[in-house]
Amino acid sequence: VHLCQGIKEVISFCKEWEKRRDKFDYEIDGVVIKVNDIVFQQRLGETSHHPRWSIAFKFKPKQATTRLLRVVFQVGRVGSITPVGELEPVEVGGVTISRVSLFNEDFVKEKDIRVGDTVLVERAGEVIPYIVKVIPEARTGKEISITFPKNCPSCGSPIVRLPEEAAWRCLNIRCPAQLMERLKHFASRRAMDIEGLGHRTARVLVLSKLVEDVGDLYYLTEEKLLVELPKRMEAIGEPRPTFIGELNTKKLLKGIDASKNRPLHRVIYAIGIRYVGYTIANLL
């Protein structure tokens, strides 16, 4: 902790600690700068998720080179199709990175990213894997351009790119991948907070067609989960979900029942309207 007089001294302090970061037995990623006056802190206030009187100065991220092995396309809860790069695992700042988001088609074209490329990666903010650039001189000529699919990888519906948007989208409201993501969001801590409804459970509920809309959660019973669900999964050639036993079923149904008492703003947030986050839901 050090009290600085003026912004120049703050900048000098941050630069000095950036030089010393590698001398510790543990990772540090920056310096927190605070206004040293409680009256000013109160006047400045805060947003819904951070104070206006405090900011983190992040050090330059550590970087490493690796190879982009393949690209898969994921479907989000509002239908956005996101390319995800699978990398040769590489350690960056004490963490092994093997996957990285390529965001959208514009990002891929701007950086001219191809499958097989050698790429420079970092952890943006010391957290999120990010491709800084391609190393073109490492190319062999065998690299393959990344082509976006014409149809949704989950439901097969044609995908579209709406005016003034960077993302390609699947507009099918019944798309299984979207529904899985919507269920996970609906059950998340700040939304309906349904204990026992994670990725694995959401997947089997959607694949078995026991749940085709978030409202179907409230019609689930022990018989449907313990008797009907395994039969439906086997009928479509999927393994019997052993993790949905009697105890987990009771836990899930108890969580669903408890969610009926959540306040309205959490319901609005849970249904996942585009551009309506937790704060906007609260205001509405």
Side-chain angles (χ1 to χ4, degrees), residues 30 32-35 40-58 73-84 101-107 124-130 152 154-155 157 159-199 201-203 205-206 211-219 252 255-284:
V32 176
I33 303 154
K34 298 181 180 181
V35 174
F40 284 158
Q41 289 180 8
Q42 291 170 342
R43 283 176 61 187
L44 288 162
E46 59 275 317
T47 70
S48 60
H49 56 83
H50 69 267
R52 291 197 181 95
W53 47 267
S54 175
I55 192 168
F57 170 81
K58 294 281 190 173
F73 292 88
Q74 292 184 344
V75 186
R77 68 180 170 87
V78 292
S80 53
I81 312 294
T82 303
V84 177
S101 174
L102 303 181
F103 302 109
N104 53 52
E105 189 176 33
D106 291 347
F107 181 84
E126 297 289 340
V127 178
I128 302 165
Y130 177 80
C152 172
S154 175
C155 68
S157 300
I159 62 174
V160 298
R161 184 170 174 177
L162 301 174
E164 298 182 16
E165 285 197 7
W168 284 89
R169 293 188 184 279
C170 168
L171 301 181
N172 175 17
I173 196 73
R174 298 291 181 189
C175 173
Q178 287 185 56
L179 181 53
M180 287 179 207
E181 293 301 317
R182 284 202 300 274
L183 281 180
K184 284 158 58 182
H185 174 75
F186 188 81
S188 63
R189 187 66 54 108
R190 298 184 86 188
M192 303 307 278
D193 194 13
I194 301 175
E195 194 174 356
L197 182 47
H199 175 76
T201 304
R203 180 179 178 275
L205 288 175
V206 172
V211 173
E212 296 185 89
D213 181 275
V214 291
D216 290 341
L217 288 172
Y218 295 94
Y219 294 92
L252 175 59
I256 292 169
D257 193 54
S259 74
K260 295 174 184 177
N261 297 313
R262 305 291 180 240
L264 180 58
H265 72 275
R266 286 174 63 172
V267 180
I268 294 170
Y269 173 64
I271 58 179
I273 304 167
R274 284 185 71 192
Y275 311 119
V276 178
Y278 188 82
T279 302
I280 296 296
N282 221 337
L283 289 170
L284 291 172

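Just so you know, these numbers come straight off a predicted model, no measurement behind them. All heavy atoms count here, side chains included; hydrogens, waters and symmetry mates do not.
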Side-chain heavy atoms of Ser157 within contact of Cys175, under 4.5 Å = no

Quick one: pull up CD1 in Ile33 and CH2 in Trp53 and give me the separation to the nearest 0.5 Å.
-> 13.0 Å

For the pair Phe103 and Tyr130, name the ring-plane relationship: parallel under 30°, tilted 30 to 60°, perpendicular over 60°.
-> tilted

In short, Val78 meets Gly272 closest at the heavy-atom pair CG1-O, 4.2 Å

Would you say the side-chain atoms of Arg262 pair up with the backbone N or O of Val267, donor to acceptor, closer than 3.5 Å?
-> no

Distance col, row Ile256:CD1 vs Tyr219:OH, nearest 0.5 angstrom, shows 12.5 Å

Flag yes if more than 12 heavy atoms outside Leu44 fall under 6.0 Å of its CG atom; otherwise flag no.
-> yes

All heavy atoms of Val75 vs all of Cys152, minimum pair found to be CG2-SG, 3.9 Å

Spacing of CG belonging to Leu252 relative to CG belonging to Asp257, to within rounding of 0.5 Å = 11.0 Å

Find out whether Asn104 and Thr82 are in side-chain contact, i.e. whether some heavy atom of one side chain is under 4.5 Å from a heavy atom of the other.
-> no

Counterpart residues, salt bridge (charged side-chain N to carboxylate O under 4.0 Å, His left out), relative to Asp216 (two or more places apart) = none

Rounded to the nearest 0.5 Å, how far apart are CD1 of Ile81 and CZ of Arg169?
-> 9.0 Å

With a cut-off of 6.0 Å (strictly less than), are more than 12 heavy atoms of other residues, nucleotides or ligands near CZ of Arg161?
-> yes

When rounded to the nearest 0.5 Å, the distance separating CD of Glu165 from CG of Asp106 is 11.5 Å

Minimum side-chain heavy-atom gap Leu205-Leu217 below 4.5 Å | yes

Between atom OG of Ser54 and atom CD of Gln41, what is the distance when rounded to the nearest 0.5 Å?
-> 8.0 Å

Can you tell me if CZ on Phe40 sees more than 12 non-hydrogen neighbours from other groups inside 6.0 Å?
-> no

Which pairs of donor and acceptor atoms, one on a side chain in residues 178-185, lie under 3.5 Å apart (sequence neighbours left out)?
from	atom 1	to	atom 2	distance (Å)
Gln178	NE2	Cys170	O	3.1
Gln178	NE2	Asn172	O	3.2
Glu181	OE2	Lys184	NZ	3.2
Arg182	NH2	Ile173	O	2.8
Lys184	NZ	His199	ND1	3.4
His185	NE2	Tyr269	O	2.9

For Ile55, look at atom CD1 and say whether over 12 heavy atoms of other residues, nucleotides or ligands are found less than 6.0 Å away.
-> no

Here the pair of heavy atoms bringing Ala177 nearest to Ser154 is N-OG, 3.1 Å

Are side-chain heavy atoms of Ile280 and Ile273 found at a separation under 4.5 Å?
-> no

How about Ser259 and Tyr218: do any of their side-chain heavy atoms sit closer than 4.5 Å?
-> yes

Within 6.0 angstrom of Arg274 CZ, more than 12 heavy atoms from elsewhere = yes

Set of residues satisfying side chain to side chain donor-acceptor pair (under 3.5 Å) with respect to His50, sequence neighbours excluded = Thr47

Are more than 12 heavy atoms from other residues, nucleotides or ligands located less than 6.0 Å from atom CD of Glu195?
-> no

Arg266 vs Asp193 side-chain heavy atoms within contact, under 4.5 Å = yes

